[in-house]
Amino acid sequence: MLAPIKLTEHGMDSMNSIATDDGATPRTVDTGAASAIFLLQKLAVIAKFRDVETTAHMFRVGQIAGLLAWHHTRDSLYARLVCRAAPFHDIGKICIPDSILMKPGLLSGAEWEMMKKHPVMGGKLLHCPGSPLLTVAEEIALGHHEKFDGSGYPSGQVADRIPLSARIAAIADYYDALASDRVYRSAWQRERVLASIRSLSGQAFDPQLVEVVFRRHDDIVQVCELTNQRWAQADQGPFKWSDFEPLIAYED
Ligand SMILES: [Fe+2]
Ligand SMILES: [Fe+2]
């Protein structure tokens, strides 16, 4: 017999509880939030299967973005939404053919144009008016290649016409991409990454967020290490909702 349903504020453990329900664990369900959580967990599995990006990179971007959101806004609820949503910045790439996504060499002009559609595709995948979490995820997927000076894509939006969550995810994604090893190059020293971010302040990145990166760099390094430890230990099972939770508390 199933245990009684327990409503929770955010449905954090709902999917874990249902998946491991042995009759002793209460089933926890938060209507609406649980559906959004379930969708993101499944999209994370698809992203892993399609090899869109490494799982560790996805979650480091989430943790860095959440941290920046917290220190920029002091709104812990918003920062937690950003932390959960930012891992899905590149989810639109699941719609890109393998022949382009996995291509080892340079992309042709037409292939690059196809690749540049991933923000719009990601936005469409996540579009769900009424869900705060999916709305932030949609903003990030759609806007993470926009640039502060309007030279980005897909819309060429400028400054605060780009949603804050997308401006935050853009800088978190750039930081982590350069600070970690890739198949085609080794990780940059963190000082070099910071210098590059500084040089792009006002061009690619929101100058206020650049300042937050510099002010809270020790925290960024710490949260990256915590994320790496977590994923070094993780098994290959399905994603748990706790995987999306902040690893550093958002509190003064
Ligand atoms: Fe992207
Ligand atoms: Fe990324």
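Index from 1, following the sequence. Both counts, for ligands and for their atoms, begin at 1 and track the order of listing. Side chains included, hydrogens not; waters and symmetry mates left out as well; all remaining heavy atoms used.
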**Request:** Check all N, O or S atoms of His145 and name the one closest to the Fe ion (ligand 1).
**Result:**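 Nearest N/O/S atom of His145: NE2.
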**Item:** Atoms of protein origin (N, O or S) under 2.8 Å from the Fe ion (ligand 2)
**Value:**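 Those protein N, O or S atoms (cut-off: under 2.8 Å from the Fe ion (ligand 2)) are Glu53 OE2, His57 NE2, His89 NE2, Asp173 OD1.
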**Item:** Tyr175: partners by ring-ring contact (aromatic ring centres under 6.0 Å, His included), with sequence neighbours left out
**Value:** His217
**Message:** For His145 and His89, I'd like to know if the aromatic rings sit close, meaning centre-to-centre distance below 6.0 Å.
**Reply:** no
**Request:** Answer yes or no: is there an ion pair linking Arg74 with Asp252, defined by an N-O contact shorter than 4.0 Å?
**Result:**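 Counted as a salt bridge, because a side-chain N and a carboxylate O are separated by less than 4.0 Å.
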**Prompt:** Do NZ/NE/NH1/NH2 and the carboxylate oxygens of Lys103 and Asp98 come within less than 4.0 Å?
**Reply:**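 Salt bridge absent between Lys103 and Asp98.
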**Asked** Between His118 and Asp90, does any side-chain donor sit less than 3.5 Å from a side-chain acceptor?
**Response** yes
**Request:** Answer yes if the side chains of Glu139 and Ser165 hold a donor-acceptor pair under 3.5 Å, and no otherwise.
**Result:** yes
